[in-house]
Amino acid sequence: MRTRASVLHVDLDAFFAAVEQRDKPSLRGRPVVVGGVGGRGVVATCSYEARAYGVRSAMSTVEARARCPHAAYLSPRFDAYRAASSVVMAVLREVSGLVEQVSIDEAYLDLDVPPEGEPGPPAGGTDPSAAAAWLKAQIHERTELTASVGVGSSKLVAKIASDLEKPDGLVVVAPGTEADVLAPMSIRALPGIGPATQARLESMGIRTVGDLARSDELTLVPLLGRSAGTGLLALANARDDRPVVAERDAKSVSHEQTFATDVTDKRLLRDHLLVMVGKVVRRLVAEKLTARTVVLKTRTHDFATHTRSTTLPHPTDDERLVRRCALTLLDGLDAADGVRLLGVGVAGLSTFAQADLLADIDDADDVTPAVPDAPDADRADDTDPLHDALFGPVPDRQWRPGQDVVHPAYGAGWVWGSGRTVVTVRFEGPATGPGPVRSFALDDPDLRPAEPPPWPR
Ligand SMILES: [Mg+2]
């Protein structure tokens, strides 16, 4: 165990919704819900204004709409989130040479490891709370987003601390006080305790982390098994020596298969792929790992090897989600000349159990697609493999709420809503004030999908 509070946990506040409010001035200060907008969609993230109405992550969009009908319901724009995330991760690497990104909006860093090529943290050396304050200020200056930062002597304590004063929080847990800080908290604060484990422990009268810390292996091991029982007892006593690990992303779990003859039949490839996905996920689960990146590998008749990948916002071990990512990648593959080898792998592994909100998003959105017999517009700039994996492919010419668009006369804007015959666009961007709303025919050739607004602007 460290004697110094040198582990930081950085967590962006209401990340997807905050990026939407930044890029769409008319939504600032208003409830915003990001997720699957169709009938079976699930909330991925919502703004604090929406939380005031009881909207929560992982809630069905139907229930969210009942609680907060006047919120803006937007499809995710992963390109914009990935861009913001990479700016934030670069800030973190200016402070530490050891940054462990655990999801698109969350990372640990180790202040005992100086940043590469720098004499030391720019925040005046090694003072953890000064470094945390510098990080928060830089993140806000470069992205206009807020982060909550927890500082402690272990990952567990840093993560719990980052949650204590959200949003825009900064909490330092002084070494020696960890167990006291944890004791009054619900056992749900500990990683690995979900509703089922909570119910089992509560049946034994164990409700708080303090209760758990005072119990013993004789009680816990029969209830939870040896490794979970001893592991949780250690965590409850604030004993956590898990290191911050940066090279996790290099590790992967994969499976591949070489065919006797080159395969051109996509359905056959699909069948093989599904079997391999099952094997990969079973290994992940057996090793208690979760993964963020799904990789499809192919070798063609000319022995050239190709890889395509999709990175999820949060780690997962859900076979349905891995399968959907892999199939989306396979869909984009041209097998006409024959595939000699097919492989699927997952990377970006973590050992931390994460609430995997997006994995709960069920099949494709069932927004009624208003599909005109539109000319074959170039769709290449409008598809995102991650969006397709999570929500299913977007039918031709369906405008997603929140999507970035551009019009030659009105400039850049976003899809405010669309119906059977018209699409309504609000023309504004991060650097403008709230902008005007205009409607167009669904197939208006002047209205084009666009990249997210450039950032930093
Ligand atoms: Mg967050």
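Atoms within each ligand, like the ligands themselves, are counted from 1 in listed order. Note that the structure is predicted; figures quoted are calculated from it, not measured.
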> What is the ring orientation for His9 with Tyr108, classed by angle as parallel under 30°, tilted 30 to 60°, or perpendicular over 60°?
Replying inline: tilted
> Parallel, tilted or perpendicular: which fits the ring planes of Tyr410 and His407, with parallel below 30° and perpendicular above 60°?
Replying inline: tilted
>> So, using side chain to side chain donor-acceptor pair (under 3.5 Å) as the criterion, who are the partners of Arg426 when residues are at least two apart?
In response: Ser26
Report all side-chain donor-acceptor pairs from residues 190-200 shorter than 3.5 Å, counting only partners two or more places apart or in another chain.
| from | atom 1 | to | atom 2 | distance (Å) |
| --- | --- | --- | --- | --- |
| Gln198 | OE1 | Arg188 | NH1 | 3.0 |
| Gln198 | NE2 | Glu202 | OE2 | 3.4 |
| Arg200 | NH1 | Leu223 | O | 2.9 |

> Do Asp13 and Ser148 meet the criterion of a side-chain donor-acceptor pair at a distance under 3.5 Å?
Replying inline: yes
> Which count of protein N, O or S atoms is obtained for distances strictly below 2.8 Å from the Mg ion (ligand 1)?
Replying inline: 3
>> According to side chain to side chain donor-acceptor pair (under 3.5 Å), who are the partners of Lys279, at least two apart in sequence or on a separate chain?
In response: none
